[in-house]
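Just below is one structure, and these are the notes that go with it.
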There are 2 protein chains.
Amino acid sequence: MSTIYEVATLAGVSPATVSRVFNGHPVSPEKVSSVRAAAAQLHFTPNRSAKRLRTQSSELIALLIPDIENPFFTALARGVEDRAQEAGFSIVLCNTDDEPEKETRYLDIANSEDMAGVILAPAAEDGDISHLTDRGRPVVAVDRNTGLDIDSVMVDNRAAGTWATTALLDAGHRRIACIAGPLDLEDTEERGLGWRTTMRRRGEPGFESLLRHADYRVEGGRAAMNELLALREPPDAVVTTNNLMGVGALQALAAAGITPPEFGVAVVGELPFSTLPPEAITEVRLPARHLGITAASLLLDRIAGDTQPARTVVLRAELARRAAR
Amino acid sequence: MSTIYEVATLAGVSPATVSRVFNGHPVSPEKVSSVRAAAAQLHFTPNRSAKRLRTQSSELIALLIPDIENPFFTALARGVEDRAQEAGFSIVLCNTDDEPEKETRYLDIANSEDMAGVILAPAAEDGDISHLTDRGRPVVAVDRNTGLDIDSVMVDNRAAGTWATTALLDAGHRRIACIAGPLDLEDTEERGLGWRTTMRRRGEPGFESLLRHADYRVEGGRAAMNELLALREPPDAVVTTNNLMGVGALQALAAAGITPPEFGVAVVGELPFSTLPPEAITEVRLPARHLGITAASLLLDRIAGDTQPARTVVLRAELARRAAR
DNA sequence: GTGAAAGCGCTAACAA
DNA sequence: TTGTTAGCGCTTTCAC
């Protein structure tokens, strides 16, 4: 690796001038071109560690997500990446597995790497981000709330749960079960609440016994669905509060020889890579990519120096039958 | 952020001693504890940029994949991450979108960030990695071959294509189509070659007209399947050379009211999040996670100083009906 | 517009 | 075992 000094020597200028050329500071045209020529000849790439050490900042954004194998989060990541890219930032994707320790480790790394900011889909428990915020590094929460006073981008989870349930009621289903996520996650509570409120308002008796909690993963959804099917009075429809549990529920139904829409299925989220025929399933689509874009925009504002009070943006879900694709 | 100097002052030792404590070099027990106490009190975290600038190396591995939304690659990423984590390395995931420019940019970043090494699922065209290898930074290719003399981890693509085709023949299908990937990717050629060789050996007439090329994405698979279905003499089965095109093909079949296994479908790769009943589809499972683990292992060997000639590891695919899950 | 020089925080000789 | 010191490659005053 060549350094700024070698380029300077070759170009017949001082190191400072080379630096200026690479950072867009005013330099006379002749020197610019001789520096560029020298740099090209030496395959010079500025050393980012040195630059960061000196400037205490970088064009790197950390994105912490709980499950890289969940298409919802990869779509979100795409959104973040697209927006960040436009602004000249690169994103570093970190998979926390919903483990607070991993989350903490990555937050530490973001801090000690002098990253420009962090977008965080928080693990179940609230992490400590004070070492970042103390240094003026912005953090934006996405998809899940933190107890912290920071910008956040959420989905209207209550409405999503309500729509899913209402769609099944409208289709004539009555005993509508709900497979919800872990008890300690607020967004899950909200989606489950949408179901509960709707069912209560509808006055369906005994619906409370049709609630199950699982872990947001395929296996959890399948197990919960199997439990529900084994009930003395099984449901005739189910709402799942995320995409993967929807997949699990459908797998359980398929194994039991039950086919939607005979048995009603509504999923909060989009069924990933589904090969089911159109119109069989109700999806309440979450704007995953848009969540990412919005979070990135908020973060970029902060990086640019915006100091207004913390904002919360709530995006709407979109009710959709599975369309032919 | 506190520095090593402040910790040293508070602990009553020299900066070098603080550094030694944090890097596991021999220091007397009393000093170790006073340094640790001081560090804790100041919330000291070593500055990674400074460390990297000094040592010219880091515990960061870049993983470049062409499509973060393809579950095959996220599974691969999990494998890399798990193995790297064990060894104390963090991975930085970069999405190249199969665009050579993005790949180049990320390779440059990996270089100028002094990353310990790179695992690369190469975009279609061969990138230039000489600036990395010149500095002794190891690069390992995974899933796709490069023309370069570096370690690589591949799947036995030819066999995978052959198995998929044979399974359909064994199930009684005769006019077996093939939806293959882009023409310029070697692994695709290999998988397609497995199909072609098998069909030729079997002596089925006119099978060459049942070959289509698509872009490895869902939409491409769907379009190709629709084309095949519109043929005067449509096929009675199809092999797709990756997972997403398999999804697309199944979507097209579902839309046309055709159901496997009446129409034979064999997929090279695993159908992600499938809710189809067991036994309907043939999958030739690719060891995605294992590819990642192996690539990470090879890379870690190199990082540790291994200088043997470039190795190529070929992993076997696994023939499977969709099992009940 | 340009150069000289200091210093970001850390580690690794070298000395003691 | 410990401290002193130089320097990794860059940016940024401060002079000119």
Side-chain angles (χ1 to χ4, degrees), chain A residues 1-36 38-39 42-60 108-116 131 135-137, chain B residues 1-36 38-39 42-60 108-116 131 135-137:
Chain A
M1 278 263 286
S2 47
T3 74
I4 215 171
Y5 285 92
E6 307 172 44
V7 176
T9 307
L10 184 58
V13 301
S14 77
T17 298
V18 179
S19 171
R20 292 187 183 109
V21 169
F22 274 85
N23 290 288
H25 297 302
V27 171
S28 70
E30 313 85 66
K31 303 220 165 179
V32 169
S33 53
S34 66
V35 166
R36 291 222 180 282
L42 296 172
H43 301 296
F44 170 72
T45 315
N47 181 309
R48 289 168 164 250
S49 302
K51 174 169 190 162
R52 273 225 287 287
L53 177 58
R54 182 60 230 243
T55 63
Q56 313 270 6
S57 77
S58 69
E59 278 70 53
L60 245 38
D108 281 346
I109 291 181
N111 186 41
S112 62
E113 291 275 1
D114 288 321
M115 294 199 190
H131 50 302
R135 296 180 64 208
R137 304 276 183 239
Chain B
M1 277 263 287
S2 47
T3 74
I4 216 170
Y5 285 92
E6 306 173 44
V7 176
T9 307
L10 182 60
V13 301
S14 76
T17 298
V18 178
S19 170
R20 289 187 184 110
V21 168
F22 275 85
N23 291 288
H25 298 303
V27 172
S28 71
E30 313 87 65
K31 304 223 163 181
V32 168
S33 53
S34 66
V35 165
R36 292 220 179 283
L42 297 172
H43 301 294
F44 170 72
T45 315
N47 181 308
R48 290 167 164 250
S49 302
K51 175 170 188 161
R52 271 225 289 286
L53 177 58
R54 181 59 232 239
T55 63
Q56 313 271 2
S57 78
S58 69
E59 278 70 52
L60 246 37
D108 280 346
I109 291 180
N111 187 41
S112 62
E113 291 275 2
D114 287 322
M115 295 199 188
H131 51 303
R135 296 179 64 208
R137 304 278 183 236

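By convention in this document, chain letters (A, B, ...) are assigned in the order of the sequence lines, proteins followed by strands, and residues within each chain are numbered from 1.
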Rounded interatomic separation in angstrom, taking CG from B:L53 and P from C:dG7: 17 Å
Interatomic distance where CG belongs to B:N47 and P belongs to C:dG7 [whole Å]: 18 Å
Side-chain N,O (B:S49) to OP1/OP2 (C:dC8) below 4.0 Å: no
Helix axis bend for the helix from C:dG1-D:dC16 to C:dA16-D:dT1 - C1'-based end axes, five pairs, 10° rounding: 30°
B:R135: partners by salt bridge (charged side-chain N to carboxylate O under 4.0 Å, His left out), with sequence neighbours left out: B:D114
Partners meeting side chain to side chain contact (heavy atoms under 4.5 Å, CB included) with A:H131 (sequence neighbours left out): A:L107, A:D108, A:N111
Side chain to side chain contact (heavy atoms under 4.5 Å, CB included) partners of A:E113, counting only residues at least two apart: A:R52, A:I109, A:M115, B:R48, B:R52, B:L60
Nearest heavy-atom neighbours spanning A:I4 and A:P15: CD1-O, 3.8 Å
Least distance between heavy atoms, A:R137 atom then A:A116 atom: CD-O, 4.3 Å
Expected output: side-chain B:T45 to main-chain A:S112 donor-acceptor under 3.5 Å: no
Contact interval (first through last nucleotide) of DNA chain D with protein chain A, 4.0 Å heavy-atom: D:dG9 to D:dT13
Listed partners of A:S14 passing side-chain hydrogen bond (donor to acceptor under 3.5 Å, both in side chains), at least two apart: A:T17
B/S/- contact track for nucleotides 11-16 of chain C, protein heavy atom under 4.0 Å: BBB---
Only pairs under 3.5 Å count here: list side-chain donor-acceptor contacts from residues 5-13 of chain B, not counting sequence neighbours, and write none if there are none.
| unit_1 | atom_1 | unit_2 | atom_2 | d |
| --- | --- | --- | --- | --- |
| B:E6 | OE2 | B:T3 | N | 3.2 |
| B:T9 | OG1 | B:Y5 | O | 2.8 |

List, one per line, each side-chain donor-acceptor pair under 3.5 Å for residues 20-29 of chain B, sequence neighbours excluded.
| unit_1 | atom_1 | unit_2 | atom_2 | d |
| --- | --- | --- | --- | --- |
| B:N23 | OD1 | B:K51 | NZ | 3.0 |
| B:N23 | ND2 | B:S19 | O | 2.7 |
| B:N23 | ND2 | B:S19 | OG | 3.4 |

